[in-house]
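Report on the following structure.
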Amino acid sequence: MKYVLVTGGVVSGLGKGVTASSVGVVLKACGLRVTSIKIDPYLNTDAGTMSPFEHGEVFVLDDGGEVDLDLGNYERFLDVTLTKDNNITTGKIYQSVIDKERRGDYLGKTVQVVPHITDAIKNWIESVSVIPVDGKEGPADVCVIELGGTVGDIESMPFIEALRQLYFSVGQNNFCLIHVSLIPVLGVVGEQKTKPTQHSVRELRALGLTPNFLACRSAQPLLEGTKQKLSQFCHVPIGNILNIHDVPNIWHIPLLLKSQNAHHAILKQFDLLGVAASPELQEWTQRAETFDKLTNSVRIAMVGKYVGLTDSYLSVVKALLHACIACSLKPSVEWIAASDLEDDCAIQTPEAHAAAWGTLRNANCVLVPGGFGDRGIQGMILAAKYARENKVPYLGICLGMQISVIEYARSVLGLEDANSTEFDDQTPNPVVIFMPEGSRTHMGSTMRLGCRRTLLQTPDCVTAKLYRNPEYVDERHRHRYEVNPDMIGVLEKAGLRFVGKDESGKRMEILELSDHPFFVGVQSHPEFKSRPGRPSALFLGLILAATGRLEAYISKNQNGSV
Ligand code: GLN
């Protein structure tokens, strides 16, 4: 196993995850099999209980792991299926060590950070790196490890020490350290400053780790003089100073690395030059360049709760991007805070209310993504009603599906107080209810999580046609509430079509409306399995419908191209 460790210095938010996954892409393009591990030094066991406001989206894996959104980047970039163990947190490590201590496995020894925590980290890395994630048998050739946070953080110390020991034990031919840093430009003179990088490399060295590569983030390409200075002061060969300057879209980054011969230098260190081929990145080049040239755009109204931080819906945005590129369109995601659509807002902040409605009315389609808690629910219901009545394409994901059921029950069945028990546990018309297997006392990892099967009920629905008529679809889930099985009969009678159900036939998974160009609600999160080049079927349907091309696509196309 060859390890590529990616650390970060100077400031957070440098795009370490994208850098690390791009390194993986380039090595994969050389013919190597690549897996990845993300280390998050926080104490949470997993990202499941973390607020999207603070930390961005919670990414869900096939095995039900609720993990950091960077794992989504790895899955999309490397086209792999990771496991929950590919995300290591301080919480998980301590939990495993304390469990062992309680079992008496340490035979009376004093249990300490060094060596017990550090050993647990090393063992975890070594055992997870060999899990196959690309559908083939046997371990990958390379494991890219991203250490979250910034070097010098107290929380990451045990990880740094464990990684130092791992480096020492496997040797330089099997371990390569890439340190991502920032080269700011100060003042009118516009000089590229190397000092912050020098300091963070010094910090890394003080902890016993020597970077083999620097990946320098900058606005403009690095000047030769800047590289020389970095090489001299940071003790890194000039050929190993990589520069990730700003590019129009992230698909350029693997290309940027290739153009700087990063693959050659890494393979050289790994003694793999004879084994690996030169990287084939045609698909990436094409995607990056096509995207830059797109002119026509499609306006997607995203009506949600966490719209202040767009990372909260990262995978939804990526899935829209994948679908739009397949249709040669540029996505224009128009964020609408759901609460701005509500009547109360018209009184308190009329400008915000008018602007939100203006954006909604001007959009080509509406998407209500997943969410928790009651803020903005009424606004989402109004958006679903608007889309239904005005025949604007609508995709409701998880909460967005539940919203469309509540709206339908209120407007069409005339049950004005219909609600989900998540928002009103006393409602006389609970159309969405808490699932029997849920827990009300423990929040972490107690939802219906991960890959679950949906049986399609009829080939005569948009969903089946978009998925190309399979018997079933497997998508990832993350929810506690479901459509009330006792209300299905009345809802169906009133025209709501439940075209996808789980294997028991009692749990509603996908709904559609006839008499509408595209109105789909889905209990799962299809965004998590969308890939560049392989857009998620329902996102593609939304974008096609938004541009009036859905029918033509369905009638003519059963072979893939749009
Ligand atoms: N809050 C809803 C539930 O728990 C929806 C969850 C979601 O959108 N992911 O069922």
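Both ligands and their constituent atoms are indexed starting at 1 by order of listing. Residues: numbered from 1 along the sequence shown.
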(request) Anything under 30° is parallel, anything over 60° is perpendicular, the rest tilted; go ahead and classify Tyr313 against Trp335. (result) parallel

(message) Could you work out, with ring pair (Phe, Tyr, Trp, His ring centres under 6.0 Å) as the rule, every residue matching Tyr408, not counting sequence neighbours?
(response) none

(message) Under 4.0 Å between a side-chain nitrogen and a carboxylate oxygen: does that hold for Arg452 and Asp474?
(response) no

(message) Just to verify, which of Glu527, Glu57, Glu75, Lys529 counts as forming a side-chain hydrogen bond (donor to acceptor under 3.5 Å, both in side chains) with Ser315?
(response) Glu57

(request) Would you confirm whether Ser156, through its side chain, and Asp153, through its main-chain N or O, come within 3.5 Å as a donor-acceptor pair? (result) yes

(request) Answer yes or no: is there an ion pair linking Asp515 with Lys391, defined by an N-O contact shorter than 4.0 Å? (result) no

(message) Just to be sure I understand the cut-off, which residues have at least one non-hydrogen atom under 4.0 angstrom from an atom of ligand 1?
(response) Gly370, Gly371, Phe372, Cys398, Leu399, Gln402, Glu422, Arg478, His479, Arg480, Tyr481, His525

